[in-house]
Each structure stands twice: as structure tokens, then as C-alpha cells.
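The structure appears below as C-alpha cells.
Lettering of chains follows the sequences in order, A, B, ..., and the numbering in each one begins at 1.
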Amino acid sequence: MKPPPEPAPLESGGPGPSDSRILHVDMDAFYASVAVRDAPELRGRPVIVGGGNRGVVLSATYEARAFGVRSAMPMARARGLCPTAVVVPADHGRYREVSRAIMDVFRDVTPLVAPISLDEAFLDVGGGRRLFGTPVDIARAIRGRIATEQGLTCSVGVAPSMFVAKIASARCKPDGLLVVPPDEVLAFLHPLPTAALWGVGPRTEQALTRLGIRTIGDIARTPADTLRRALGAGAGGHLHALAHGRDGRRVEPDGVDVSVGAEETFSADLADPERLARELLRLSGRVAARLRARGQAARKISIKVRHADFSTVTRARTLAEPTDVTWVIYRTAGELFDELRATSRPLVRLLGVRAARLSAAGRTSHQLAFDERPSGWAEVDRATDGARRRFGEESVRPASLLPDRPRRPAPPREWGPGRV
DNA sequence: AATAGCAGTAGGCCCTGG
DNA sequence: TCATCCAGGGCCTACTGC
């Protein structure tokens, strides 16, 4: 999800809407519910979506949750808790389809839809009274449509602000509807544990516990300065405001992404420099293709390396000019990787490539440096994109990525497996 | 005993250029 | 010329959440 944007400046009249007109709609056990819907023989059984020998649980039916299975839990542990569970691999294409249909339902009642993920969104339905009825009417209608059109259940929180609506939907799961009127917000919030607040994860919860703060009410009774000292100026002030029910954020239709990346955990830890270089090339190709698909170019390239002991480092470099070219990204990532491993080379568990500082790709006038020849790499990418459109994603890839030929990864003379 | 693949922000540190 | 301060950018880690 996207972290909360900065609270908008308050308009005269106080913090946010004075009526409960914000909806948070959250699908119940989304991936698992889609899997069961599409394979009815699974109904009633514990089902876990996830997999891979080193994967985590992406979603689990309530039957599986009864055994203690939770999302983000390592699969090995989940299987231990619930050996009878049916394990189903994820099908992201399918989830995207269903997601689009659901979001369309939301947009039928208001243009103010802020998707948080495939299965969850905020809606501001304050403007729809005349056409669609009260926020509660609208919430019921949405739940009905999703049930009949998709055969799926969702839970809806209705409140005067986004974060209260979010907590409300979580408290009425599954298949629930919970309305928090403005004058009941504080009574609703204060008994809840601090972790119920958006932005309080395990670390922050620990820090608060050390101060003897356990509930949202405790936060509200703590001086803002104490919180700021313990959690930092930003987070401290933010939590203090939330605990008093103040949340100036509005529901804004999606903003643009500020970065795109690709990363992968390998089925076994890697040491082989050639293999690592090939993986870097593959990830670079994926990032570049996604940039081109959005018509964007990036000025900052970063890599992420997770070692066998789970320690993680990132390295980044800003380019002289934006790029969407596979080879430029690969070369940069390779240099960063080289520098990182100049001194020591622990086994690699995960590798990632990310592109940031995005701009519209445009046909920027490109000044060739003295020692630079027109490389033709952009043309290679264009041809690749075209072939993939016609013949499918798997139709084109660099020779070094062909399964039969674990050779050296393509061109960069300056950087290649020979030097790793 | 095991820990995905994304994405985002905050805060600390260092360097650079007035 | 040197010391000092400050602002801004870049980099990195830590944390959060779906």
C-alpha cells in the first residue's frame, strides 16, 4: 500500500468531513477467495495461496486461518500448522482482472476512488447522496454488487476519515459492515491496541510499549513532544493527531508511481558470478520493459542484495540523463554490484533492480559524448518489445538467458562476469 | 526455523558550493 | 586565506504495509 500522504491543510470548519462519508472496502481473503470461487471443490477446505520452497503465505481462507495460518507467514511454518491445507499457486493476472471489475463498481458511485492495492480502496461518497443515497446505502449496494457479480465477499468500514474507515473494515471482517459516526470516533479508537493504527508496525509498537503505551487512548493521553522524542518528529506528531481522531487526508485518485523495480529470491543461494550477472540482466530487462510500457525513463538506478544471512544492502547511482534502455540499466546495476562485491562476496539470496526519479520518456535530444557511439541498444529494446507484443512475453530474450546456453551475459565490455 | 515482491517515506550522514 | 555555517542533493538504512 501507499503510506498516507501528508495531511492536507485543514479547511476552515475543522478536520475532514464532519459526517461519516469515507468508505474503506476490503476484499475478504482476496487471493484465496478467488481460488475457491474458481474451483468450487475447494469450498469449505483450508486453502493457502503461496508456494515456492522459500515463499510466504499470500492469502489463506478462514478455514486455514483457524489453524493459525496468517498471511506473510513462511510457507514451511504454515504447512506445519495446517498439513491438510490445499496449497494453490498465485495467479496475479486473474487477481488483476477481478480487481479491475471491483474498482469499476466503486467508480460507478464516485470518481473519488483511491485504490490501495488490488483488493482494497478508499471511496469518498459524500457527493453521491442525491443519486445513490446515504454512505451506508452505498456501502450495502457495493457489497451486494460484488457478491452477485463476482461471487466474493468484502468488508466495508464507514467513517468520517480514512484511517478510521480502514480500522472499521478490519474490525468487521469477514463479510461485514461497520459504521462509525463522528461522535463515536474516540470511543471506537481508544480501547484499540496501538498496532491497529496505520503506520504502527512491530518496531513502533515496541517503542511505544517501552513507554507504557498500549492502546490508542494511551497515545492520546501522551504529550505530543514525548511521542516525537521517542518516534521522531514526523511519526510522533502523526500518531498523536490520529489518536485524537484527526486525519486531514482526503481521498485522492491514484498518484503516479515514483519508482519501478523487480526483485527475486532464488530457490537456492547463489555464488556463481556468471549466474548472478545473468540474473541482473534479466531483472534489468524487466525493469526497462516496464518503464517503456509506461512511457517513462529513470535517472536513478539502484540494486538490492540480500545475503544468505538475510542482511540486506542497497546501492544506488544517479545517471547523467534518464534512460529506459535495458543495457544502460544493466551496466549501471552491474557496476554497483561489482563495487559492492569488490571486498567480500557472501552467498546471495535475493537480487533486485529498481529505477527511480522517473520522468516522461519523451524524445529527449541526446547529446553524444566524444567517446560515445550511437549504440543501437534502444533499437534492440524496441524490436524486443514489438516481438513480445506479437509472439508473447517469452518469445524474446538475450542469448545469455537461454536455458541451454549458460554463457556470458551480453555486451558490456566495461563490466562483465570476467571481472566479477 | 524460517522469512515474497513489490512500493513508499523518514531520518541520518556526507559532500559540495556559497 | 581560513574557519564556520547553512542549504540542498545524493546515498543508505530502517521501517511500514499489502
Side-chain angles (χ1 to χ4, degrees), chain A residues 1-7 24-31 48-59 70-81 89-90 92 95-96 99 114-122 163 166-167 169-170 194-208 228-239 254-267 269 283 286-287 290 299-320 336 339-340 349-358:
Chain A
M1 60 141 258
K2 290 194 201 319
E6 266 314 291
H24 180 258
V25 186
D26 197 1
M27 302 302 295
D28 300 321
F30 185 51
Y31 296 178
I48 298 175
V49 179
N53 50 346
R54 311 172 95 177
V56 298
V57 174
L58 297 170
S59 178
R70 296 288 178 271
S71 65
M73 175 182 282
M75 279 302 298
R77 180 154 152 67
R79 284 180 209 267
L81 287 167
H92 291 280
Y95 310 142
R96 259 193 297 276
S99 179
I116 297 304
S117 63
L118 288 181
D119 75 319
E120 166 182 4
F122 287 101
F163 90 102
K166 166 105 177 144
I167 295 174
S169 72
T194 57
L197 283 180
W198 218 6
V200 178
R203 301 302 182 143
T204 308
E205 188 182 13
Q206 247 180 45
L208 290 170
R228 277 192 252 269
R229 267 195 304 278
L231 308 173
H238 186 60
L239 290 192
D254 238 1
V256 272
D257 285 344
V258 317
S259 73
V260 303
E263 64 188 64
E264 187 167 327
T265 298
F266 306 116
S267 52
D269 300 336
L283 293 165
R286 262 166 58 189
V287 170
R290 283 179 58 193
R299 271 200 69 198
K300 180 171 154 181
I301 304 301
S302 61
I303 62 166
K304 172 163 141 187
V305 181
R306 175 122 73 210
H307 301 123
D309 67 359
F310 227 72
S311 63
T312 308
V313 292
T314 62
R315 288 293 182 272
R317 176 158 301 163
T318 299
L319 305 173
L336 291 167
E339 290 159 19
L340 188 61
R349 175 192 179 89
L350 168 150
L351 216 45
V353 174
R354 176 159 296 276
R357 295 191 56 181
L358 307 182

Legend entry - Pair A/K166 + A/E120, salt bridge at N-O below 4.0 Å: yes

Legend entry - Distance below 4.0 Å between A/T314 side-chain N/O and C/dC12 OP1 or OP2: no

Inset, instruction - Send over the distance from A/I116 CD1 to B/dC6 C1', rounded to a whole Å. - result: 15 Å

Are any protein N/O atoms closer than 3.5 Å to N/O atoms in nucleotides 6-10 of chain C? If there are, list each pair with its distance.
unit_1	atom_1	unit_2	atom_2	d
C/dG10	OP1	A/R357	NH1	3.3
C/dG10	OP2	A/R357	NH1	3.3

Inset, instruction - Nearest whole angstrom, please: distance from the P of B/dC6 to the CZ of A/R306. - result: 12 Å

Inset, instruction - Sticking with atom P, work out how far C/dC18 lies from B/dT3, rounded to a whole angstrom. - result: 22 Å

Legend entry - A/S99 side-chain N/O to A/L118 backbone N/O, donor-acceptor pair under 3.5 Å: yes

Inset, instruction - Look at the side chain of A/V56 and decide which nucleotide, out of B/dA4, C/dC18, C/dC15, has an atom nearest to it. - result: B/dA4

Legend entry - Whole-Å distance separating the CZ atom of A/F310 from the C1' atom of B/dA4: 9 Å

Legend entry - Donor-acceptor contact present, side-chain A/R349 to main-chain A/D309, <3.5 Å: no

Legend entry - Touch class at under 4.0 angstrom, heavy-atom based, for A/L351 against every strand present: nothing

Legend entry - Candidates C/dC18, B/dC6, B/dA2 - which lies nearest the side chain of A/R354: B/dC6

Inset, instruction - Look at the rings of A/Y95 and A/Y31 and say which category their plane angle falls in: under 30° parallel, 30 to 60° tilted, over 60° perpendicular. - result: parallel

Legend entry - Distance in angstrom units between A/W198 CH2 and B/dA7 C1', rounded: 13 Å

Inset, instruction - For the pair A/S259 (side chain) and A/D257 (backbone), establish whether a donor and an acceptor sit closer than 3.5 Å, ignoring hydrogens and angles. - result: no

Legend entry - d(NE2, A/H92; P, B/dA7) in whole Å: 13 Å

Inset, instruction - Ignoring the backbone of A/D257, work out which of B/dC6, B/dA4, B/dG8 is nearest its side chain. - result: B/dG8

Legend entry - Phosphate OP1/OP2 of B/dT3 contacted by A/R349 side-chain N/O (<4.0 Å): yes

Legend entry - Per A/E264 side chain, nearest of listed nucleotides B/dA4, B/dA7, B/dG5: B/dG5

Legend entry - First encountered from the 5' end of DNA chain B, between A/L231 and A/L283: A/L283

Inset, instruction - Report yes if a side-chain nitrogen or oxygen of A/S259 is closer than 4.0 Å to either non-bridging phosphate oxygen (OP1 or OP2) of B/dG8; otherwise report no. - result: yes

Inset, instruction - Give A/L350 one of three labels, base, sugar-phosphate or nothing, depending on what nucleic acid heavy atoms sit under 4.0 Å from its own. - result: sugar-phosphate

Legend entry - Any A/T204 side-chain N or O less than 4.0 Å from OP1/OP2 of C/dT16: yes

Legend entry - Phosphate contact (B/dA1 OP1 or OP2) by A/R77 side-chain N/O below 4.0 Å: no

Legend entry - Residue-phosphate contact under 4.0 Å: A/R286 side-chain N/O, B/dC6 OP1/OP2: yes

Inset, instruction - Starting at atom CD of A/E263, determine the distance to atom P of B/dA4, rounded to an integer number of angstrom. - result: 9 Å

Inset, instruction - Using heavy atoms to find the nearest nucleotide of DNA chain B for A/V258 and A/F266 separately, return the residue whose nucleotide is more 5′. - result: A/F266

Inset, instruction - Give a yes or no on whether the backbone of A/T318 and the side-chain of A/R357 come within a donor-acceptor separation of less than 3.5 Å. - result: no

Legend entry - Euclidean distance, atom CE of residue A/M73 to atom P of B/dA1 [Å, nearest integer]: 15 Å

Legend entry - Selected nucleotide, minimal atom distance to A/T265 side chain, candidates B/dT3, B/dG5, C/dC18: B/dG5

Inset, instruction - Indicate, with a heavy-atom threshold strictly under 4.0 Å, whether A/A90 touches base, sugar-phosphate, or nothing. - result: nothing

Inset, instruction - Have a look at A/R290 and say if it touches a base, only the backbone sugar-phosphate, or nothing, with a 4.0 Å heavy-atom cut-off. - result: sugar-phosphate

Legend entry - Out of C/dT13, C/dT16, B/dC6, whichever nucleotide has its closest atom nearest the side chain of A/V313: C/dT13

Legend entry - Short side-chain N/O contact to C/dT13 OP1/OP2 from A/R315, under 4.0 Å: yes

Legend entry - Basic-acidic side-chain contact under 4.0 Å: A/R306, A/D269: no

Inset, instruction - Without swapping roles, check the side chain of A/R299 against the backbone of A/L319 for a donor-acceptor pair under 3.5 Å. - result: yes

Legend entry - Sequence-distant partners of A/E339, salt bridge (Lys or Arg N to Asp or Glu O under 4.0 Å), two or more places apart: A/R317

Inset, instruction - For A/Y31 and B/dG5, give me the distance from atom OH to atom P, rounded to whole Å. - result: 13 Å

